[in-house]
Number of protein chains: 2
Amino acid sequence: MIKTKDATTESLILEAANKVFQRKGMDGARMQVIADEAGINKAMLHYYFRSKQQLFEAVFKKTFASFAPQIIKILNEDSPIEDKIRSFTFNHISFIIQHPYLPNFIFQELNRNTEFILIIKEEIGLPNLDKFKKQVQKEVEEGVLKPIKGEQLFINILALNIFPFLTGPLIKAVVDIDDINYNKLLEERKTEVANFIINSIKA
Amino acid sequence: MIKTKDATTESLILEAANKVFQRKGMDGARMQVIADEAGINKAMLHYYFRSKQQLFEAVFKKTFASFAPQIIKILNEDSPIEDKIRSFTFNHISFIIQHPYLPNFIFQELNRNTEFILIIKEEIGLPNLDKFKKQVQKEVEEGVLKPIKGEQLFINILALNIFPFLTGPLIKAVVDIDDINYNKLLEERKTEVANFIINSIKA
DNA sequence: GTCTATAGCCAGATAGAC
DNA sequence: GTCTATCTGGCTATAGAC
């Protein structure tokens with residue numbers, strides 16, 4: 001690992017730990033591998049973060065904090081649902097393309113340790129659906145949208161955005177395409193997904 | 001663990017291992033926990049399956065084999081796309097509701113060890129999309145469906161079916177509902193998802 | 001702050017009695 | 001086939017020199 005100009009040891013560790021934890025998960029990650037990746041000694045990990053558990057939590061919180069705002073933003077804007085969906089899916093999928101291991105990491109660890117949700121709720125905050133739900137209901141009543149519950153629509157949006165990244169290898173095998181064409185498929189989804197959703201809900 | 005009438009030790013082990021691996025994953029699972037769950041001694045696990053790795057593979061293949069046929073079936077039927085989607089989403093979501101840990105398990109482990117896909121491809125077989133893709137193309141040309149690629153439609157169907165189960169705890173927290181109401185939401189999806197998809201693609 | 005060496009523990013695997 | 005007891009290796013964590 002080559003040190004960039006002003007990389008502190010702590011930030012080197014966090015970066016390396018992030019990489020390894022995202023690929024291997026908490027249980028599968030090895031402190032030695034993280035140390036090697038950071039180009040420093042294993043003892044330093046404990047010097048800076050005391051334990052593997054605490055290092056992991058630091059990484060996880062940081063990672064989640066980079067992911068959540070994407071979701072929170074859509075919910076609190078004032079634009080119509082259709083515009084929200086277009087900009088959100090485009091930005092969200094673009095973001096995930098650049099961080100493909102991220103969704104898997106978050107879901108895997110949240111599943112493994114449910115308490116994390118409480119920690120995150122307190123320390124970072126979770127998106128609030130109330131405004132979005134009301135807006136959907138209003139547009140349904142105005143006849144702009146076909147009847148649909150805000151919760152279900154929200155789940156559908158996340159599902160269509162995130163799912164292909166959770167299962168990459170399997171989908172590649174089933175759809176029987178190589179990496180290049182799979183990436184093309186994902187690129188297409190930046191606009192495809194919004195069209196798919198809007199076609200479905202527009203009255 | 002109470003032995004049912006003709007449960008062999010091997011089947012007891014497989015059942016227990018299935019339970020533990022699905023919740024904890026390969027790395028997080030402990031042979032001792034599996035033995036306790038099966039109500040037998042730890043040494044027996046090695047007597048029957050030699051190593052943790054081999055036990056895991058036996059469980060994984062068995063699990064995958066119970067999941068894949070659901071997907072393969074839809075692709076090879078002769079009914080119109082709309083009917084396929086309705087019956088597939090209904091059956092698939094019903095199945096997952098009864099095996100909620102299953103999708104997470106499969107995706108997590110496929111992600112951890114990409115070689116598994118090759119093993120499964122050889123030993124169990126993967127769904128083939130060709131027929132489905134041709135059928136979608138045909139119905140698009142006939143004007144039954146709006147333009148959409150078979151691959152994208154297939155990914156969308158899987159995404160909408162499976163996603164809510166991959167992220168249960170997080171969605172519960174964001175949508176801010178309890179288990180009972182979350183289960184209601186999932187029940188609704190048995191028909192909701194098909195409506196959502198068909199609304200979107202029907203010309 | 002950073003390293004080497006090592007303690008201590010835990011989990012997978014095996015030996016061997018029954 | 002099933003058990004108890006034990007080995008062995010690997011991993012987290014710490015002690016202590018520099």
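In what follows, chains are A, B, ... by sequence order, proteins preceding strands, each numbered from 1.
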Please tell me if A:Arg30 has a side-chain N or O lying less than 4.0 Å from either OP1 or OP2 of D:dG10. no
Please confirm whether the shortest side-chain N or O distance from A:Thr9 to OP1 or OP2 of C:dT2 is below 4.0 Å. yes
Atom-pair distance ([atom1] on [X]; [atom2] on [N]), nearest Å:
X: A:Leu45; N: D:dT12; atom1: CG; atom2: P; answer: 10 Å
X: B:Met44; N: C:dA15; atom1: CE; atom2: C1'; answer: 15 Å
X: A:Ile40; N: C:dG1; atom1: CD1; atom2: P; answer: 13 Å
X: A:Gln32; N: C:dT6; atom1: CD; atom2: C1'; answer: 14 Å
X: B:Ile34; N: C:dA11; atom1: CD1; atom2: C1'; answer: 12 Å
X: B:Tyr48; N: C:dA13; atom1: OH; atom2: P; answer: 18 Å
X: A:Asp27; N: D:dT12; atom1: CG; atom2: C1'; answer: 13 Å

side-chain contact (heavy atoms from CB on, under 4.5 Å) involving A:Gln137 - partner list, sequence neighbours excluded: A:Glu141
Results of side-chain contact (heavy atoms from CB on, under 4.5 Å) for A:Tyr48 - residues two or more places apart only: A:Thr9, A:Glu10, A:Ile13, A:Met44
Is a donor from one side chain sitting under 3.5 angstrom from an acceptor on the other, for A:Arg189 and B:Asn156? yes
With distance as the sole test, does A:Glu109 use its side chain to make a donor-acceptor pair with the main-chain N or O of A:Met26 at under 3.5 Å? yes
Counting only N and O atoms by type, is there a donor-acceptor contact under 3.5 Å from the side chain of A:Arg23 to the main-chain atoms of B:Arg112? no
Mind listing the N/O atom pairs, protein and nucleotides 13-16 of chain D, below 3.5 Å?
| unit_1 | atom_1 | unit_2 | atom_2 | d |
| --- | --- | --- | --- | --- |
| D:dA13 | OP2 | A:His46 | NE2 | 3.1 |
| D:dA13 | OP2 | A:Lys52 | N | 2.7 |
| D:dA13 | N6 | A:Lys42 | NZ | 3.2 |

Evaluate the side-chain hydrogen bond (donor to acceptor under 3.5 Å, both in side chains) criterion for residues A:Ser11 and A:Thr8: first the C-alpha distance (whole Å), next the side-chain angles of each, then the deciding distance (0.1 Å), finally the verdict. CA-CA 5 Å; A:Ser11 69; A:Thr8 64; 3.2 Å; yes
Pairs meeting criterion ring-ring contact (aromatic ring centres under 6.0 Å, His included) with involvement of residues 111-140 of chain B, two or more places apart: B:Phe56-B:Phe116, B:Phe60-B:Phe116
Do A:Ile171 and A:Phe163 come within less than 4.5 Å of each other through their side chains, counting heavy atoms only? yes
Counting any heavy atom closer than 4.0 Å, what does A:Ala29 reach on the DNA or RNA strands: base, sugar-phosphate only, or nothing? sugar-phosphate
Looking at every strand, decide which applies to B:Phe49 at a 4.0 Å heavy-atom threshold: base, sugar-phosphate, or nothing. nothing
Stem list for DNA chain D, please, built from Watson-Crick and G-U wobble pairs under 3.5 Å and keeping only runs of at least 3. C:1-18 with D:1-18
Can you name the side-chain hydrogen bond (donor to acceptor under 3.5 Å, both in side chains) partners of A:Gln53, sequence neighbours left out? A:Glu57
